[in-house]
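I have placed the structure first, in the form of structure tokens, so that the comments after it can refer back to it.
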Amino acid sequence: MAPIISIEEAGRHSGESVTLRGWLYNQRDAGKLLFPIFRDGTGIMQGVCSLKESPAAYEALKNLTQESSCIVTGTVRPDARAPGGHELHVSEVQVVQRIADGDPYPIQLKEHGTDFLLENRHLWMRAPRQAAILRIRAEAIHAARNFMDSQGYTLTDSPMFTPSACEGTTTLFEVSYIDDEKAYLTQSGQLYLEATAAALGKVYCFGPVFRAEKSKTRRHLTEFWMLEPEAAYAHLEDMMVLGEGLVSHMVQSVVKNRPRELETLSRDVTKLAAVVPPFPRMLYDDAVVTLQKNGKAAKWGDDFGGEDETVLSSQFDRPVIIHRYPASIKAFYMEPDPQRPELALGFDMLAPEGYGEIMGGGERVSSYDLLLKRVREHNLPEDAFKWYLDLRRYGSVPHAGFGLGLERTIAWICGTSHIREVIPFPRLLYRIYP
RNA sequence: UGGGGCGUGGUCCAAUUGGUAGGACACUGCACUGUUAAUGCAGACGGUGGAGGUUCGAAUCCUCCCGCCCCAGCCA
């Protein structure tokens, strides 16, 4: 019995007889010679099968339909003519399920439109490019968790169901919650993290969040994953350092551990290699001046638009951190800068190459009186925020945190033009199938 | 939610100024012992998003509806 191996490790079995379990990705033929290409989830590998040498396998493979599942055994041989450098000389084929002739696999090895691919996302993800993106996603998540753990942060997840808005302003998905009660899907775990930070010191949560905003851009999903650290006694500077450490660790882990996948995506790895700390930093004040110098109609007090972010980030070869925004354009829980109270001690991190904001955070208001004033100013329901205000009544401390948008970060790492490719099943405005 | 664009066989696209809706790919068969989204030949299937209107005649022009894409706003 030949050992069962994955295509990923086929190169280490040169000259040996092995068994692959997977699918027929594509097949070409030249007379009595077949060139089946197999796919097993770890990669694709070309096979060779001749009628003369393996008549039974030849007959099994001949006219086998694309994406039919099969188990094949053969000898791995190096061959410069084969994509990947090795090919499998097939001696035995077991067809697990043959796709019927009249009902072929819908995804061709040709160009397709966006709508068709999204409608067939459950099949589209089998394509090498899509599989590579999902592997990079897994690597980035793995790296992010490792990094946070290595920095002494404890994972304390926030609830998905919440009784009210975290920030009050953005649109929430409303769901019915037992009997007549209403609940909302969380748009951020931050408020709950502030509680767990007071309990455990340095914490983070990592999970999906939901935004019901009608945003139809290449940078938006209605369900996306966010990694949010929060630390007691931490200040703005601590979070900027943590943030650049996290992002660079994610990028460098992908560069180191997923080079083949980046190659599949034709990603310019030299651009990723440059992403090491420290990241450039810029005061909001200076960012406005920079925009004006570049002919943008920015004025102090405005938030930046997508094009503004591209202008700012394109000046650097790594993400840029913009900090100390006007308090008026930031969330109610942002701590004011004691030097200049009109500024918030917050920051955004903008990815290079026009990928926009991937991180936002800062120091939180620690004074009970100020927070209560802010809650009232923003017309937030005081009773729903009672527990949040409690954190300022019972041993309040300076604390800070941020949120990292996972998909935007991965879209940038992968160089994809749209965020929808970097999550297995994207939830978009007007699309929830499959 | 505003602005712009697009809806044609399973897929990707053509169709001059309103005049018989077509090609490629995919699928099936045949040929070929080194193919790289193979190629060549043959075959079968099958379509103008929907409803009205103008016209001798509409994929094409008009109205409404539906769907999708891009941009902006909002945000990560």
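We name chains A, B, ... by the order of the sequence lines, and we start the count at 1 in each one. Since this is a predicted model, take the numbers as computed values, not measurements.
For the pair Trp124(A) CH2 and rU11(B) C1', the interatomic distance rounds to 15 Å; values are reported in whole Å. Rounded to whole angstrom, the span from the CG atom of Asp101(A) across to the C1' atom of rC27(B) amounts to 8 Å. Between Gln187(A) atom CD and rC74(B) atom C1' the separation is 11 Å, expressed in whole Å. In this structure, the CG atom of Asp79(A) is 11 Å from the P atom of rU35(B), given to the nearest Å. If you measure from atom CG of Leu34(A) to atom C1' of rA31(B), you get 14 Å, rounded to the nearest angstrom. The CD1 atom of Ile358(A) sits 18 Å away from the P atom of rC75(B) (whole-angstrom rounding). In this entry the distance linking CD of Gln46(A) with C1' of rU33(B) reads 13 Å, nearest Å. With rounding to whole Å, Lys32(A) atom NZ is found 6 Å from rA31(B) atom P.
Note on Tyr430(A): only backbone sugar-phosphate atoms sit closer than 4.0 angstrom, heavy atoms only; bases stay farther off. Asn26(A) comes within 4.0 angstrom of sugar-phosphate atoms only, judged by non-hydrogen atoms across all strands, and of no base. Using a 4.0 Å heavy-atom criterion, one finds that Arg218(A) contacts the sugar-phosphate atoms exclusively. Gly305(A) comes within 4.0 angstrom of the backbone, heavy atoms only, and of no base. Glu228(A) comes within 4.0 angstrom of nothing in the nucleic acid, heavy atoms only. Here Leu221(A) lies in heavy-atom contact (under 4.0 Å) with a base. If you check every strand for non-hydrogen atoms under 4.0 Å, Thr65(A) touches sugar and phosphate atoms only. If you check every strand for non-hydrogen atoms under 4.0 Å, Pro104(A) touches sugar and phosphate atoms only.
Distance noted for atom P between rG50(B) and rG67(B): 15 Å (whole Å). Nucleotides rU11(B) and rC74(B), compared at atom P, are 38 Å apart to the nearest Å. Rounded to whole Å, the C1' atom of rU48(B) lies 8 Å from the corresponding atom of rA21(B). Nucleotides rG29(B) and rC13(B), compared at atom C1', are 27 Å apart to the nearest Å. Between rU35(B) and rA14(B), the distance separating the two C1' atoms is 31 Å to the nearest Å. Remark: the separation of the P atoms in rA59(B) and rU20(B) is 10 Å, to the nearest Å. Taking atom C1' in both rC61(B) and rU55(B), one finds a spacing of 10 Å when rounded to whole Å.
A donor-acceptor distance shorter than 3.5 angstrom exists from the side chain of Arg211(A) to the backbone of Gln187(A), with no hydrogens or angles considered.
Evaluation of atom-type donor-acceptor distances gives no pair under 3.5 Å for the side chain of Glu119(A) against the base of rG67(B). Within 3.5 Å, a donor on the side chain of His220(A) pairs with an acceptor on the base of rC75(B), or the reverse. Between the side chain of Asp29(A) and the base of rC32(B), a donor-acceptor pair under 3.5 Å is found. In the interface, the side chain of Glu111(A) is not paired with the base of rU11(B) through any donor and acceptor atom under 3.5 Å apart. Counting distance only, with no hydrogens placed and no angle test, the side-chain atoms of Ser215(A) and the base atoms of rC75(B) include no donor-acceptor pair under 3.5 Å.
Aromatic rings of Phe347(A) and His323(A) (six-membered ring for Trp) have centroids beyond the 6.0 Å cut-off, not under it. Two rings, from Trp124(A) and Phe116(A), have their centers 6.0 Å or more apart. In summary, the aromatic rings of Tyr284(A) and Phe304(A) are positioned with their centroids under 6.0 Å apart.
Look at His112(A) and you won't find any side-chain N or O under 4.0 angstrom from OP1 or OP2 of rG10(B).
Ring-plane geometry between His122(A) and Tyr433(A) is classed as perpendicular, the angle between the planes exceeding 60 degrees on a 0 to 90 degree scale with a lower cut at 30.
Sorted by first then second residue, the salt bridge (charged side-chain N to carboxylate O under 4.0 Å, His left out) pairs that include residues 128-153 of chain A, not counting sequence neighbours, are Arg129(A)-Glu421(A), Arg137(A)-Glu407(A).
Which of rU1(B), rU33(B), rA76(B) sits closest to the side chain of Lys214(A) comes down to rU1(B). Proximity note for Arg219(A) (side chain, C-beta onward) versus rG34(B), rG73(B), rC75(B): the nearest is rC75(B). The side chain of Val48(A) lies closest to rG34(B), out of rG10(B), rU33(B), rG34(B). Considering only side-chain atoms of Arg81(A), the nucleotide from rU11(B), rG34(B), rU28(B) that sits closest is rG34(B). Considering only side-chain atoms of His89(A), the nucleotide from rG34(B), rC69(B), rU33(B) that sits closest is rG34(B). Distances from the side chain of Phe116(A) to the nucleotides rU35(B), rC75(B), rU11(B) place rU11(B) closest. The side chain of Arg98(A) approaches rU28(B) more closely than any other nucleotide in the set rC75(B), rU28(B), rG34(B). Here the side chain of Ala30(A) is nearest to one of rG73(B), rA76(B), rG34(B), namely rG34(B). Comparing rC70(B), rA26(B), rU28(B) against the side chain of Arg420(A) picks out rC70(B) as the nearest. The Met226(A) side chain lies nearest to rA76(B) when the options are rG34(B), rA76(B), rG73(B).
Pair check for rA42(B) finds rU28(B); Watson-Crick or G-U wobble, both atom distances under 3.5 Å. As the counterpart of rC56(B), rG19(B) is assigned, both hydrogen-bonding distances of the Watson-Crick or G-U wobble pattern falling under 3.5 Å. In this entry rA72(B) has rU1(B) as its Watson-Crick or G-U wobble partner, both defining distances falling under 3.5 Å.
Classification of Arg81(A) and Asp79(A) as a salt-bridged pair holds, one side-chain N sitting under 4.0 Å from a carboxylate O.
Nearest-nucleotide positions on RNA chain B place Phe35(A) closer to the 5' end than the other of Phe35(A) and Thr217(A). A residue-by-residue look at Ala80(A) and Lys62(A) shows that Lys62(A) has its nearest nucleotide of RNA chain B further toward the 5' end.
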Can you check side-chain contact (heavy atoms from CB on, under 4.5 Å) on Glu335(A) and Val365(A), steps first, answer last? CA-CA 4 Å; Glu335(A) 180 82 349; Val365(A) 169; 3.8 Å; yes
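The environment of Gln66(A) atom CD is dense: over 12 non-hydrogen atoms of other residues, nucleotides or ligands sit within 6.0 angstrom.
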